Amino acid sequence: MKTGQNTPIQRYGTVAILLHWVLALAIITAFVVGLTVEDMPLSPSKIKLINWHKWAGVGILALSALRLVWRITHRPPALPGAIEQAMPGWQRTAYHGTHHLMYLLFFVVPLLGWAYSSAKGYPIVWFGVLPLPDLVAPNKELAEVLEEAHGAAAFALMGLVGLHVAAALKHQFIDKDGLLDRMRPGR
């Protein structure tokens, strides 16, 4: 750590780290599957992937709720003083804003997908076992709007994820301040 401090950086707890990485993997996987099925012709494989995408979305929604409850009940470690002081004001604003927007989109993206599926008239049966209620009545025009909104929100989330990853890599390889160690598993 090259922040001038001799004290170690406070890390997130094991549960927070696990939720972070599982949710990250699920979101990226769901996004890739969503992009993949978009251009596929109708087939049993496409239907299977669409169902996996829906299941992942419901799982992401559940994990996001768990992560938010965990975050509210377990205060995250503060940024080390030297790192926070070295950050220009716009970076601190971007740091907090990006996290808040990502948390918002963790809920918005799957809820829009669920509503789109409902408006399209396709029920969601989580893992083929648990039927979920429709969020809206079938409506072709609404389905088109929700499909666009779901896609736009998903791309916005991926943009924020990219920004988040870029910032983490900047801290790791340019600033060399050890900030990434706060969320790195197994350290």
Side-chain angles (χ1 to χ4, degrees), residues 12 14-74 76 94-168 183 185:
Y12 283 85
T14 303
V15 172
I17 291 170
L18 181 66
L19 287 170
H20 175 272
W21 290 108
V22 169
L23 194 55
L25 181 62
I27 288 170
I28 291 167
T29 301
F31 183 75
V32 169
V33 170
L35 286 179
T36 301
V37 299
E38 197 168 336
D39 294 328
M40 289 177 70
L42 186 60
S43 68
S45 293
K46 180 174 183 165
I47 292 169
K48 185 187 332 181
L49 286 175
I50 288 171
N51 280 324
W52 289 353
H53 180 76
K54 290 178 183 185
W55 298 343
V58 173
I60 288 165
L61 190 58
L63 282 172
S64 296
L66 180 61
R67 184 173 180 186
L68 183 60
V69 168
W70 188 262
R71 176 83 183 244
I72 290 169
T73 60
H74 296 79
Y95 166 78
H96 293 293
T98 299
H99 281 89
H100 288 108
L101 284 172
M102 281 194 302
Y103 268 90
L104 176 66
L105 289 172
F106 291 165
F107 291 93
V108 168
V109 173
L111 286 171
L112 285 170
W114 186 350
Y116 161 63
S117 189
S118 297
K120 195 78 171 163
Y122 299 132
I124 297 176
V125 182
W126 200 30
F127 294 111
V129 177
L130 179 64
L132 300 179
D134 288 335
L135 293 184
V136 298
N139 179 315
K140 184 179 178 183
E141 293 80 21
L142 179 60
E144 290 174 9
V145 170
L146 290 170
E147 180 181 24
E148 291 297 319
H150 175 63
F155 273 99
L157 178 56
M158 284 300 100
L160 290 172
V161 166
L163 187 61
H164 180 70
V165 169
M183 193 53 81

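Please read these numbers as outputs of a predicted model, since none were measured by experiment.
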For Pro185 and Ile17 the tightest heavy-atom approach is CA-CG2, 4.0 Å
Do Tyr103 and His99 have their ring centres less than 6.0 Å from each other?
no
State whether the side chain of Trp114 and the backbone N or O of Val109 hold a donor-acceptor pair below 3.5 Å, judged by distance alone.
no
Is it the case that the side chain of Thr98 and the backbone of Leu160 share a donor-acceptor pair, with hydrogens and angles ignored and the cut-off at 3.5 Å?
no
Checking the side chain of Lys54 only, and the main-chain atoms of Ile124 only, is there a donor and an acceptor separated by less than 3.5 Å?
no
Nearest 0.5 angstrom please: Phe106 CZ to Leu23 CG, how far?
5.0 Å
I want to know whether Phe155 and Phe31 have ring centres closer than 6.0 Å.
yes
Return the minimal non-hydrogen interatomic distance between Tyr116 and Ala143, and the atom names on each side.
CD1-O, 3.2 Å
Expected output: side-chain Thr36 to main-chain Val32 donor-acceptor under 3.5 Å
yes
Restricting to non-hydrogen atoms, name the atom on Leu49 and the atom on Val33 that form the minimum distance, rounded to 0.1 Å.
O-CG1, 3.5 Å
More than 12 foreign heavy atoms under 6.0 Å from NZ of Lys120: is that the case here?
no
Shortest non-hydrogen separation from Met183 to Trp21 and the atoms involved:
O-NE1, 2.7 Å
What is the distance from atom CG of Leu105 to atom CG of Leu111, rounded to the nearest 0.5 Å?
11.0 Å
